[in-house]
2 protein chains.
Amino acid sequence: MARKSATGRIGIADVAVKAGVSHATVSRVMNGNFTVDPDIAARVRAAAVELKYQPNPVGRSLALGKTDTIGIVVPDLANPTFQAILRGLSRAAAEDGYRVLIADSFEVSSEEAILAGEARRRCDGLVLCAPRMSDAELEEIAPSLHPLVLINRTTAAAGIPSLVVDYGQGVQDLAEYLVGLGHTRLAFLAGPAGSASNGLRLEGLEAFKARHPQVEVTMLDGGSDFDTGHGAVDSVLASGATGILAFNDLVAMGLMSGLHERGVDVPGDISVTGFDDIPFARYTTPTLTTAAVPIAELGGQAWRELRALIRKEDHDAPGSRYQPRLEIRASSGPAKAPRTAAHG
Amino acid sequence: MARKSATGRIGIADVAVKAGVSHATVSRVMNGNFTVDPDIAARVRAAAVELKYQPNPVGRSLALGKTDTIGIVVPDLANPTFQAILRGLSRAAAEDGYRVLIADSFEVSSEEAILAGEARRRCDGLVLCAPRMSDAELEEIAPSLHPLVLINRTTAAAGIPSLVVDYGQGVQDLAEYLVGLGHTRLAFLAGPAGSASNGLRLEGLEAFKARHPQVEVTMLDGGSDFDTGHGAVDSVLASGATGILAFNDLVAMGLMSGLHERGVDVPGDISVTGFDDIPFARYTTPTLTTAAVPIAELGGQAWRELRALIRKEDHDAPGSRYQPRLEIRASSGPAKAPRTAAHG
DNA sequence: TTGAAAGCGCTAACAG
DNA sequence: CTGTTAGCGCTTTCAA
């Protein structure tokens, strides 16, 4: 039989024997090298087809020093935002013949560096998605991960493009919008402590508070999922705020669900806003006002940045900043006139 | 400097030189082979640390004939079901030191075979998720993909474990439940034509109809996403059915959203059920009655089956069948007494 | 135009 | 216990 190689699979050697030529010639034919005599090339191709030969990518990778694979490290594959980035990245990379290897750190920040290093060694480049590690650690490992693209995080290390969403601006837009509706008492349901995007939101809110000293902004502890929002109902009600800025859409949905159970009307009693504009946001009841992040686009752009690095192209504008767009829906409305003020 | 190798990265040779030993010894130390003199081992380790040496996985893969990577092919990475399977698979595989490479066919069934083959060659095994290709094609390529695990699809090819969800039983449970509530006119919003799981649902409904000849079951065209459900409002209302079995939760949510816009009360006027029990199902308004599929478990089980194959373990029960569990929530309720019958 | 041979980075059998 | 040597499957000089 044709199976000679140690691995039991058809190798280039089998094709060479069958076609009566050398390995080198088979390699040339398989790579479309036109310096091969057409007759011989045809013979090689026939042999390859007959044996169902497919080049072993591992052998190629070793010889070529590239794997045609990129890696992505995410803190939590269950998060719709990271799923969308992954999807956009995968699609864009696939169009250029690259595959993607995923690594989920399950929000264990101490694992990130190891995962990233391992993934990087098997790939031609890496996308690090909202890493939870410290600035110092990120700056230290970043050079060893090159080509590397960062999402929602920046670093002082040189030559690392960053794609960041301007969460600070987004949360300010939401807050301004609520104030425009007459709300004077706001509350922010914060995200995970380690999250850089949460930090950006906090900075944005500071700027907002400086501009609107008369508006009360209560900070509440939170997280990034449904249950966080659902569990925050008590503290939200206790805050007395009528405009709630949830860390993201999931939290907002959990909160709306909890408020609904308590008989609190949204937006009649309380206005709720999310962040991200995940697909479900337009299907909640009421539909969710949020700041839309062009997330799939982000994945595609991450690939283009990474590709430029892999190809060693000089490219002028490494990284970019994305502005969220206010998406006004039904979960927000005019502030209720205070009970004590309204009379009759 | 230490960088000698052609790729510009630190290789085993650099460590060998630095420690004054042979490559082989370095390899032994790095692989925890205890036949190495402790002093020498320490010297090697010190050299490795100093040079920040990390073994090149591609070289290892070629030598060992394994990549410690598995592949998964999905029809659509945007689908929550496949996302959940991916997540479960990734988590389970990671616990055994395996990584996962993803391939999205974007519902282009003609691409599946190529994607699967490519992914397989770079990996030690493959999970094919709900492939859309024909039975004949699947049976033909399956052997070349071994070790292979199938999800929501079976094949006559030998030695291929299949994990299938019993959609037929699930849809029957939902239908029986609705009938128990007094509904006598049901409608089924079908899924994508190529989907095997849709076929199973249809078979289940045939069995149901045989048992309940007095119940009217209207078949409506559909799809698998929000918009499908949202767009089906007219045909649903036209059918006169009071109990709607949506293909999945997404479709059900889209439908509920559309019914809400039309002022139709769910479950007062019409009961709606989904399928899958995606995380959002418990947060819709009203919360969604559905058939829960233990989807994350499925990903984990897929890995265990694949692992057994990779390790060439004989294992008695390849594949398994998952029974959906009825999850009764607020989107379903008693059938309204017909207007004409109620009086006063 | 083609083949022989070297090499990608690593593991492992085989001597010593 | 350690070094030498031979691959793993492929690409790519270098001669012929």
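First the proteins, then the strands, lettered A, B, ... as listed; each starts at 1.
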query: Cut-off 3.5 Å, side chains only: do B:Asp124 and B:Thr67 have a donor facing an acceptor?
result: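 Short answer, yes.
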query: With a 3.5 Å cut-off and no angle check, do the side chains of B:Arg60 and B:Asn31 form a donor-acceptor pair?
result: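 There is such a pair (donor and acceptor under 3.5 Å, judged by atom type) between the side chains of B:Arg60 and B:Asn31.
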message: Looking at A:Phe106, I'd like to know if the NZ or CZ of B:Arg91 sits under 6.0 Å from its six-membered ring centre while staying within 45 degrees of the ring's axis.
response: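 Yes.
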Give a yes or no answer on whether the side chain of [X] reaches the backbone of [Y] with a donor-acceptor pair at less than 3.5 Å.
X        : Y        : value
A:Ser61  : A:Pro57  : yes
A:Asp37  : A:Asp39  : yes
B:Arg99  : B:Gly97  : yes
A:Asp14  : A:Gly11  : yes
A:Arg153 : A:Pro131 : yes
B:Arg132 : B:Ser109 : no

Over how many whole Å does the gap from [X] atom [atom1] to [N] atom [atom2] extend?
X       : N      : atom1 : atom2 : answer
B:Ile10 : C:dC8  : CD1   : C1'   : 16 Å
B:Asn56 : C:dC8  : CG    : C1'   : 9 Å
B:Asp68 : C:dC10 : CG    : P     : 15 Å

statement: Heavy-atom contacts, protein to nucleotides 11-16 of chain D, under 4.0 Å, summarised as B (base), S (sugar-phosphate only) or - (none) per nt, yield BBB---
Interface residues of residues 117-125 of chain A with DNA chain D (non-hydrogen, below 4.0 angstrom):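 By residue number: none to list.
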message: By the 4.0 Å heavy-atom rule, please label A:Val58 as base, sugar-phosphate, or nothing.
response: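 Result for A:Val58 = nothing.
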task: List the steps and the verdict of side-chain contact (heavy atoms from CB on, under 4.5 Å) for A:Leu77 and A:Leu86.
output: CA-CA 9 Å; A:Leu77 207 45; A:Leu86 168 61; 4.0 Å; yes
query: Quick one, which residues of residues 32-47 of chain B touch DNA chain C with a heavy atom under 4.0 Å?
result: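 Hits under 4.0 Å, by residue number: none.
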